[in-house]
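Encoded as C-alpha cells, the structure appears first; notes follow it.
In what follows, chains carry the letters A, B, and so on, assigned in the order in which the sequence lines appear, proteins first and then strands, with residues in each chain numbered from 1.
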Amino acid sequence: MSGTIPNFIHDVIDADLAAGRETHVHTRFPPEPNGCLHIGSAKAIWINYTTAKKYGGKFNLRYDDTNPAKEDDSFVRSIEEDIRWLIGEEPSGGIFFGSDYFDQCYEYALKLIRQGDAYVCDLSADEMREYRGTLTEPGKESPYRNRTPAENEDLFVRMKNGEFADGSRTLRAKIDMSSPNIVLRDPAIYRILRVPHHRQGDKWCIYPLYDYAHPIQDAIEGITHSLCSLEFTNNRPLYDWVIEKIGFAHPPHQYEFARLNITNTVMSKRYLRKLVETGLVDGWDDPRIPTLSGLRRRGYTPSALFNFLRKVGISKVYSIVDIRLLEHCIREELNAVALRRVAVLEPLKVVITNYPGDKTEYFSLPNHPENPEAGSRQLPFTRELYVEQSDFMEDAPNKFFRLKPGGEVRLMGAYIVRCDEVIKDDSGKVVELRCSADLETGNAMPADGRKVRGTIHWLSAAHAKDAEIRLYENLFTIEDVNSIPEGKDYDDYINPNSLQVRKEAKIEAALTEAQAGQSCQFVRTGYFTPDSHTPGVFNQTVALKDSKGTFIVNGQ
RNA sequence: UGGGGUGUAGCCAAGUUGGUAAGGCAACGGACUCUGACUCCGUCAUUCCUAGGUUCGAGUCCUAGCACCCCAGCCA
C-alpha cells in the first residue's frame, strides 16, 4: 500500500545503483518556512520519503531558510508538526537548517571568487534586469565583470562586514551572459539584506540565494538524489555548475517531477495565505483548505493521503487530479475502520402514536456491520423520535424509498413505521409526523412477507444530545483555479456553500465521548470527526457516496 | 522569433531490447443490501497530439509539424 508504482525517478536510481554511480540513496525535503505545508508539499515529502525508504536510505528534513525577509519561526514549528504527523516518525536522516551552512556558503563563495568564477557587481536591480537581455536577445556583460579576484574578494568581505547599503551590490556567478538559458546569465548568488535571521540573528547582512545555497546544502548533507518540482528544471544547469566549480567529490543530482494540482481547490501558498489573511477561511487549519493542518482537522489521515499520492503517481506532465480521487481514498480507509454512529443533522420530530409515552426499550445496533468484533451498542427507543427532515417527502416520487404519507419505512435496527399524519405549522412547513409502529414485527422481518424497502436512521428525542455539525463542499466552484478567465479573480469562484453549519443537530449519547482525531461514520450521511478547537462540534470529513444522486442528507 | 519540459480514455497513469494498449478515479448498466453506503458483476482507447517514413509488425525507431507548461526576482 505504501509503495510506488513504476516511475522515472526510481528508474534513474536503479540505473545509478546498477552502474555503481551510487551505493546508497539519500533524499531530502527542503521547505521554506514561509507558510504552512499543504497536500502539494505532501507529494514532495512522500516522493522523497518513500524513495529513501524503498532503497533503505535516509531522508532529511531541511528548512530552506536563506531569505529572512520572508521566513518565520512559527512556520518551522508547524512544518515539523505536520511532517511528524504525516510520516509518523522522525526524518531518518535528521532535521537541518540551510542557514546552518551559511559559513560554508561564505567560504565557498570566496573560493569561487579566487577561482575567477564569481564577481562583485555594482549594478542596481533595474540595471541588472536591463543587462540580462530577454528571452530572445542575449544579455550584456556587466562593466564590473572583469574585476580582479583580489578586488572581488576585498569587496565581498566588505559586503559581509556591512560596509555597503542593502541592494547596492551583489555577488554574481560568472557564467555566460549570452546563454539561451536565462538562469545562467551571471546569476546573483549573494545579496545584501539587513534583516535579522530567525536563527542567525544579526550575524549576517548578506544572504545566499537559493540557486547557490541549495546545491551546497545537498552536497554537505550527502544527498544523492535531489528531487524537486518541474519549475526548477531550468535551474539544474546552475545547480550542476555550483557543484562542479566548488568541486564536491560526490555530486548530488537533481531530478524534477510535476507538482500536484487538485480540482476545485487551490495549492498556491500565496493564495492560501491570502485566504487566511482576508478571513475568507478561518485560519491555516480551516477544514476547507488543503493544508495538512486543515486536512487533519477535517479528518483525513496520513495513510489516506499517502494512498492518494500513490494512486496519482509521479510524472512530468502538468495535470490536475480529480478531488474525488482524494475523497475515494479517505472513504476507502474509513469505511473499513470507522465505527457507525447515529446523528440526525436536520431533525424532524416523529411521534409513534401507538407506543406508550412512558416506555423506553433498547435496540442493539452494530458498531460495524461488516466487522462483528467491533461489537454493538444499545439505542433507546421512545414514543418521540427525531428523523432526518430529508427522509420525509410529502409528494414523493416512486423511487423515494423513505417516509411518505401512508408509506412504510424501517427505523434502522428497530420497528417498521407507517406515516399516518403530517403536521405543519402556519407557514406550511412540516414540523411533525405521526406514525404507527408495527409492534408485532418488532425489529424482525414482517411475518406476512411484505417488503419494506427504505431504512432510515432515528434517535429518541428524550435521549438525543445536541451537537453542531459542519458540512463542507469544495471551496471553489471552478475545477481549475489555475485557469481563471481574464478579468476574474479567485474570489469570484468561492463556493458560498463551502461551509454549512447544522446547529440543531442531534447525536446519540456515545458520540459525546468522541475525541478529536477519532473518526466515525454517521450512518447514511458520511464520515465525521470531532473538531479539534470546539467541543461539541463535528466536522464532516467526506459524505458517503451517493450513487443515485438522491441521497440528499447534505444540503438542499 | 531563444532555451527547457511535456503530449496514452472525462481525470490521473503503466506501457520491458519495436510484437499487437495495465491499473485507479469518474460515469453508465445490473445483482445484493435493515446504511440509496459497502461488496459483487458488466460496459467504458481498432487506438496512443498530427502528418509522413522505416518495418512482416510502431504508443515504442526516424523526419516534419502542432499544442500546452516553465524561464527575463538581488523569491524559492
Side-chain angles (χ1 to χ4, degrees), chain A residues 5-7 30-32 34 64 66-67 69-71 121 123-125 128-130 132-139 166-172 178-185 187-193 206-207 209-211 213-214 228-237 256 258 263 269 308 310-329 331-332 335-336 340 342 365-366 369-370 399-402 409-414 416 443-445 452-457 479 482 521-526 543-552:
Chain A
I5 55 183
N7 65 75
E32 182 185 17
N34 68 342
D64 201 346
T66 55
N67 186 354
K70 297 195 168 184
E71 294 144 11
C121 182
L123 253 27
S124 69
M128 204 185 282
R129 182 161 38 248
E130 285 170 29
R132 186 153 34 228
T134 68
L135 293 179
T136 52
E137 302 158 28
D166 284 16
S168 63
R169 278 171 230 257
T170 55
L171 182 69
R172 293 229 252 165
S178 61
S179 170
N181 181 352
I182 291 177
V183 172
L184 262 18
R185 318 240 262 231
I189 59 177
Y190 261 98
R191 78 278 230 182
I192 305 174
L193 204 58
I206 57 170
Y207 293 96
L209 277 101
Y210 169 86
D211 282 322
H214 202 81
C228 64
S229 47
L230 240 35
E231 63 268 31
F232 292 102
T233 307
N234 294 327
N235 305 53
R236 188 181 22 179
E256 312 85 16
T263 57
K269 259 190 200 175
F308 166 71
R310 184 178 54 79
K311 290 181 193 220
V312 167
I314 307 169
S315 74
K316 303 183 78 144
V317 189
Y318 172 85
S319 62
I320 178 161
V321 179
D322 195 324
I323 195 168
R324 289 175 297 184
L325 178 59
L326 211 211
E327 296 176 341
H328 167 263
C329 290
R331 279 196 196 101
E332 180 182 48
N335 175 56
R340 315 284 117 134
V342 178
L365 269 81
E370 287 157 40
K399 294 285 195 182
F400 186 81
F401 303 125
R402 293 163 271 168
V409 75
R410 175 128 240 158
L411 296 179
M412 189 182 285
I416 291 167
N443 65 355
M445 294 303 280
V452 177
R453 174 73 196 263
T455 299
I456 66 173
H457 57 284
E479 272 207 354
N482 289 134
Q521 184 194 93
F522 288 179
V523 125
R524 296 210 312 130
T525 64
L544 246 33
K545 210 173 156 188
D546 175 15
S547 60
K548 301 295 179 209
T550 51
F551 187 40
I552 313 162

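Leu365(A) places none of its side-chain heavy atoms less than 4.5 Å from the side chain of Arg340(A).
Side-chain nitrogen and oxygen atoms of Ser315(A) include none within less than 4.0 Å of the OP1 or OP2 phosphate oxygen of U6(B). The phosphate of A72(B) has neither OP1 nor OP2 within less than 4.0 Å of any side-chain N or O from Arg185(A). Checking the phosphate oxygens (OP1, OP2) of U35(B), no side-chain nitrogen or oxygen of His457(A) falls inside 4.0 Å.
For U35(B), its base sits under 3.5 Å from the side chain of Gln521(A) at one donor and acceptor pair at least. A donor N or O paired with an acceptor N or O is found under 3.5 Å between the base of C70(B) and the side-chain atoms of Asn234(A). Side chain Arg453(A) to base U33(B): a donor-acceptor pair is found below 3.5 Å.
We find that CZ of Arg191(A) is positioned 10 Å from P of C74(B), with the value rounded to whole Å. C12(B) atom P lies 18 Å from atom NZ of Lys316(A), rounded to whole Å. Rounded to whole angstrom, the span from the CG atom of Leu326(A) across to the P atom of A26(B) amounts to 12 Å. For Asp211(A) and A72(B), the CG to C1' distance is 14 Å, given to the nearest whole Å. The distance between atom CZ of Arg402(A) and atom C1' of A37(B), rounded to the nearest whole Å, is 13 Å. Rounded to an integer number of Å, the gap from CD of Glu327(A) to P of C12(B) is 17 Å. Remark: P of G73(B) and CG of Leu193(A) are 17 Å apart, rounded to the nearest angstrom. We find that CG of Asn335(A) is positioned 11 Å from P of C40(B), with the value rounded to whole Å.
Among the heavy atoms of the strands lying under 4.0 Å from Thr66(A) are primed sugar atoms or P, OP1, OP2 only; no base atom is included. Here Phe232(A) lies in heavy-atom contact (under 4.0 Å) with a base.
Mapping Val452(A) and Val317(A) onto RNA chain B by nearest heavy atom places Val317(A) closer to the 5' end of the strand.
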message = Let's go through Thr170(A) and Met128(A) carefully: what are the C-alpha distance in whole Å and the side-chain angles of both, what is the deciding distance for side-chain contact (heavy atoms from CB on, under 4.5 Å) to 0.1 Å, and is it a yes or a no?
response = CA-CA 10 Å; Thr170(A) 55; Met128(A) 204 185 282; 3.3 Å; yes

request  = Please report the C-alpha distance between Leu544(A) and Gln521(A) in whole Å, then the side-chain angles of each, then the deciding distance to 0.1 Å, and finally whether the side-chain contact (heavy atoms from CB on, under 4.5 Å) criterion is met.
outcome  = CA-CA 9 Å; Leu544(A) 246 33; Gln521(A) 184 194 93; 3.7 Å; yes

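The ring-ring contact (aromatic ring centres under 6.0 Å, His included) search around Phe308(A) returns none, not counting sequence neighbours.
Note on Glu32(A) versus Lys70(A): no salt bridge recorded, every NZ/NE/NH1/NH2 to OD/OE distance being 4.0 Å or above.
Remark: G10(B) base-pairs with C25(B). Criterion, Watson-Crick or G-U wobble with two distances under 3.5 Å.
Here, G52(B) and U43(B) have their C1' atoms 36 Å apart, quoted to the whole Å. G73(B) and G10(B) are spaced 39 Å apart, taking the C1' atom of each and rounding to whole Å. The same atom, C1', is picked in C66(B) and in C38(B); the two are 47 Å apart, to the nearest Å. To the nearest whole angstrom, the two C1' atoms, one in C12(B) and one in A26(B), are 11 Å apart. When the C1' atom is compared between A9(B) and G4(B), the two are found 29 Å apart, to the nearest whole Å.
Glycosidic conformation of G73(B) is syn; the angle stays within 90° of 0.
For Ile182(A), counting side-chain heavy atoms from C-beta on, the closest listed nucleotide (C71(B), A13(B), C75(B)) is C71(B).
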